[in-house]
Amino acid sequence: MNIELTAQQKALQQEVREYMKTVMTPELLEEIKIPEFKEGGGPEFRKQYARMGADGWIGLSWSKELGGRELSHVEQYIFTDEVVRSGFAYPFLTTESTTPVIAANANAEIREEVVGGVKQGKVVIAIGYSEPNAGTDLASLTTKAERDGDDWIINGQKMWTSLANYADYVWLAARTDPDETKKHKGLTMFLVPTNIEGFSLTPVHTLGVRTNATYYSDVRLPDKYRVGEVNAGWKLITGQLNIERLSLFTHGQVDSLYQGVCEWAAETAAPKGGKVIEQPWVQHNLATVKSGLEVVKLICWKQVWAMDQGPLNMADASVAKVYSSEFFVELYRLLLEVMGQAGTIATDSPGAVLRGKLEFRWRVGPVLTFGGGANEVQRDIIAMAGLWMPRTR
Amino acid sequence: MNFTISEEQQSAQQLAQQILSDFTEVDKLKAMEQQQQSFDADLWQALAKAGLLGLDIAEEQGGTGLGFSSLTTLCEEVGRTVAPVPVIPVLVSAAGTLRRFASDSQKDQWLPGVASGTTVIGAALEEYNNDDPTAPSCSAQKMEGGYAISGTKICVSAATSANRILLSAHTGDELIVALIDPRAAGITLNPQLVSTGETRHELVMAKVQVPTEDIVATGSEALAAMDWAHLATRTALAAMAVGLCDKMMRITGQYTSEREQFGRPIATFQAVSHRVADCYIDVECLRLVTQQAASLIDEGRPAKDAVQIAKIWCGNAAHRVSQAAQHCHGGTGVDRDYPLFRYCQWARQIELTSGSSAQITGELGQAICAEYLPKVG
C-alpha cells in the first residue's frame, strides 16, 4: 500500500495547474463577475474553452479512436481536480458524462457533429433529466416523445436545466412507452439542438447560480438525434452517475478555500492582539476542517484507483457522495465562522475575503446533499449493498 | 498510488482472524474476565507459534520483519474480536520502539523472546494529564552504573506479568528511555480498574535503580524514540478501532435486520437503517486515514499530521459508532449476556488513550497556526 501520487502523477498535476493559470485570464476573471456568466457562456469563456480544445486538453480520458489519450481514472481525476481548483467553468458533464455515452451510442453523423465539436471546445451540452414532478424518483418523468414518420414529436417540461441558456444541445430523457408498468423501461435518450423550433426556456434564479426551466412544445426532432435504442435510456442515464460525481466532489476546490482562510487568518489582526489564527477557537475550526479534508482526498483517490481496477463498489460510491457533500457544507460553515462578519461580504464589495468565494459557496452548498442522488437514497444503498440490510419502506 | 494490501499482509490478517476467533468464544471471554489479569496466555502462545507476534520484529531477532502496517492489521483483528491480549503496549509501543532505537545487544536480549511469546515487554507511556512520552514528568537522576527513576505512570497493561516495562523520564536537561523491571526495589503497583473491565496498574517509582544496560536511549535519540512510540501507538489504536467499529456496525446491521417491532424488521425503518449507514461511512473514513498513517510510518516518512488526523477520527468514530450500536439494540445492547457491551467498553478506552479527539484537534490547530504564521510574516 502506498497512498501518494507518483512522480509522474505529480508532474501531470503541476502541468495542469500551470496551464489553467493561463486559461483564467484577467478578461475571464472580469467576465465571471457578471452573474449571467458566472457559470460560463460569455465570449471570453467560449474563447478559452476553444483554446483548451485546440491545445488538446479536452477528452483526455476518451479512447484514442475519439482523439483522446485514454488517461486512467487516476489521471483524469488529477486533471479534473486542478481544473475545478482553478475556478474555470469547465463543462465536465459535457466532456466526461454525456459525450462518451454519445460516442458509444449515437449514429455516425451525430457522433461526428457532437463529439467532434466537444473535442474542439465548441460544443456544450446541458442535462435534461429532472422535471417539476420527477426529481429523486427520476424514472417517473413524463416528457414524452412520439414517433411521427422519420421524426419524433417531443412535448413536456424540464426543470433545473443548467447551462441550457448557452448550451448547444440538451441531453434529454423522454418517455417513449406510456405503459405505466414499464417505468424504467419506457425511456429513451435524445439530443435536442437548442436552436430547434418549439424549444424555449425561462431563467430560474437560485440562491446560488442561474439555472433554467426548459420547454418542449411539439419539437419535431429527426430520428438521427436519438441516442441508443428506443426504451433503453435508463442505462445510459445511470451508467455515468459515478463518473459524474467525481467531478462534483474534488479535493482541490475546498482545499484551496481552507488554505486561503488559513492565510487570511494568519495575516489578519485579532481584536485583542495577535493574529486571528492565534485564537484557540479558530485553530479548532481549522483543524476540524483539515481532518475532514484529508478524508475527501483519500476517498477521491481510493475511488479513482478502484475504478482503474474494475467496477466501483456500490456502497463505496455512495459513501463518497454522502460524506463529501455533507462535509463540504460543514466546511463552508467552519471557515465562514473564522471570518465572522467579514464572511458575509459578497464578491466585489469592499472588505470581501477571498474575493467572496466562500460567501458564494455556501449558497450552492445545499444543492450538494440532494443533487446527483439524494443522500437518503445513498444511505439506503449503503445499508443494502454494504451491510445486506433489508430494503426500507 | 496503490491501495492494494500485499499478499503477505493479507495472509497474516487471515491467520490472525482464524486464531483470534477460535480463542474468543463468549464463554472463554467470560472466563478470562473472572481472572485477576485480563491476559489470555494460551492465545498469546498461539499467536507466537503462528509468527504473528514477530510481524514487526526483524528476522535476525526471530520475527518476520513484515513491518508496521502488517502489525496494525493484527491490532485491527484483535479489536474485531476484543481478544484479551496486550498487542499494542507490547508489540507496538515497546517492541516496535526497541526494534528501531535499541542497541544490538538489547535487541538480541529482548526481541527474540517477544517474538516467541516467552518474554513480555510492557510500555508505560501515559501519566496523569499527560499522554506525551516525549515530555514526561517522571524524573531520572544519573548515578553510578545507571539512573534512578522517580514518578508515576498510569493505566499500565500487563504490569504484573511483564519482564520489563519501557518508559521515559527526564534528567532536567535531557530525556531518557529505560526498561524497568516491575519487580525492582522502589516500585509500587496499584491496581486500577478501567472502562474495559480489566485491571491495569498505577506504576509508582521511588528512586528505582536502572542499570546502564537497560537504558535504551538518551538525549535526541530518546526524543526520536518516544516520538515514534507516540505516533505508532496512536496509529495502532486507530487500527484497533477500525476492527472494533466494523464489528459493532455489522452486529447492529444484523440485529436490526432480525429484530421485529410493529410487525416488521426495524431495519426497514429509514430512521434505523440510516443510523447504521452512518456507521458504515464513519468506519470507511477511519479506515482510510488509519491506512494512510500506517503506511507513512512503515515507509519512515513524516507522519505527524496523518497520525493526528487518524487519532481524531478514531475517537470520534469510536464514540459515534458505539453509541449508535447501543441505541439501535435497545436494552439488548447493555445486557452483559450479549457481546456488544465489550466493544463499547473498549471503544471508550481507546478513545481516551494516547490523547482524545478534542485534545489532538487542539494540537493540530496549533500546528496549523505555526505553519501559516511565518508564511505570511
Side-chain angles (χ1 to χ4, degrees), chain A residues 1-6 9 74 259 262-268 275 277-295 297-299 301-302 304-306 309 315-316 318-320 322-323 326 375-376 378-384 386-393, chain B residues 1-6 9 69 249-250 252-254 256-257 264-265 267-270 272-274 276-281 284-286 288-289 291-292 294-296 298-299 301 305-306 308-310 312-313 316 357-358 360-369 371-377:
Chain A
M1 186 170 308
N2 173 303
I3 313 181
E4 282 175 297
L5 296 182
T6 63
Q9 289 163 348
V74 173
Q259 291 183 20
C262 285
E263 283 163 16
W264 175 84
E267 67 196 14
T268 305
K275 302 293 186 189
I277 202 169
E278 291 177 280
Q279 301 169 102
W281 67 268
V282 171
Q283 293 175 3
H284 184 274
N285 273 26
L286 295 177
T288 303
V289 168
K290 183 169 173 161
S291 49
L293 258 179
E294 197 67 10
V295 174
K297 180 187 85 179
L298 293 170
I299 279 186
W301 282 0
K302 188 172 178 189
V304 288
W305 171 82
Q309 315 301 308
D316 283 353
S318 294
V319 166
V322 175
Y323 173 76
E326 293 178 0
N375 285 5
E376 284 74 12
Q378 304 306 320
R379 284 187 166 91
D380 279 352
I381 293 172
I382 293 169
M384 285 192 288
L387 290 162
W388 301 102
M389 289 166 68
R391 180 182 287 276
T392 58
R393 47 197 150 110
Chain B
M1 186 194 310
N2 187 354
F3 285 84
T4 313
I5 295 166
S6 74
Q9 198 168 320
S69 275
M249 162 189 88
R250 286 178 198 282
T252 310
Q254 195 179 347
T256 56
S257 298
R264 57 196 250 204
T268 61
F269 292 100
Q270 270 192 328
V272 174
S273 78
H274 286 189
V276 189
D278 280 337
C279 295
Y280 192 94
I281 296 170
E284 181 61 13
C285 293
L286 174 60
L288 285 169
V289 291
Q291 285 175 339
Q292 172 172 257
S295 91
L296 287 171
D298 216 8
E299 290 166 25
R301 304 281 310 277
D305 283 8
Q308 285 178 323
I309 290 169
I312 291 169
W313 272 97
N316 290 340
S357 298
I360 301 175
T361 302
E363 291 171 17
L364 183 61
Q366 284 174 350
I368 292 167
C369 175
E371 176 191 349
Y372 278 89
L373 266 188
K375 260 190 199 173
V376 296

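Convention: sequence-line order gives letters A, B, ...; per-chain numbering from 1.
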Structural part of [X] lying under 4.5 Å from a heavy atom of chain A:
X       : value
E299(B) : side chain
I368(B) : both
S295(B) : side chain
D305(B) : side chain
T252(B) : neither

Please name the pair of heavy atoms, one in [X] and one in [Y], separated by the smallest distance, quoted to 0.1 Å.
X       : Y       : answer
L288(B) : L298(A) : O-CD1, 3.6 Å
S257(B) : P390(A) : OG-CD, 3.2 Å
Y372(B) : A266(A) : O-CB, 3.6 Å
M1(A)   : F3(B)   : CE-O, 3.5 Å
A315(A) : Y280(B) : CB-OH, 3.8 Å
D278(B) : R379(A) : OD1-NE, 2.7 Å

Return the option, out of [options], with the maximum number of heavy-atom pairs under 4.5 Å with chain A.
options                            : result
V272(B), V276(B), I5(B), V289(B)   : V276(B)
Q254(B), Q366(B), Q9(B)            : Q366(B)
Q291(B), R301(B), Q270(B), H274(B) : H274(B)

[atom1]/[X] to [atom2]/[Y] distance, rounded to the nearest 0.5 angstrom?
X       : Y       : atom1 : atom2 : value
Q292(B) : E4(A)   : CD    : CD    : 8.0 Å
H284(A) : T361(B) : NE2   : OG1   : 5.0 Å
I382(A) : S273(B) : CD1   : OG    : 10.0 Å
I281(B) : Q378(A) : CD1   : CD    : 9.5 Å
W305(A) : M1(B)   : CH2   : CE    : 10.5 Å
E278(A) : C369(B) : CD    : SG    : 5.0 Å

Please determine, among E376(A), K275(A), K297(A), the option with the most heavy-atom pairs under 4.5 Å with chain B.
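Sorted descending by pairs with chain B, the first entry is E376(A).
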What part of [X] is in contact with chain B, defined as an atom under 4.5 angstrom from a non-hydrogen atom: side chain, backbone, both or neither?
X       : value
R391(A) : backbone
K302(A) : both
Q9(A)   : side chain

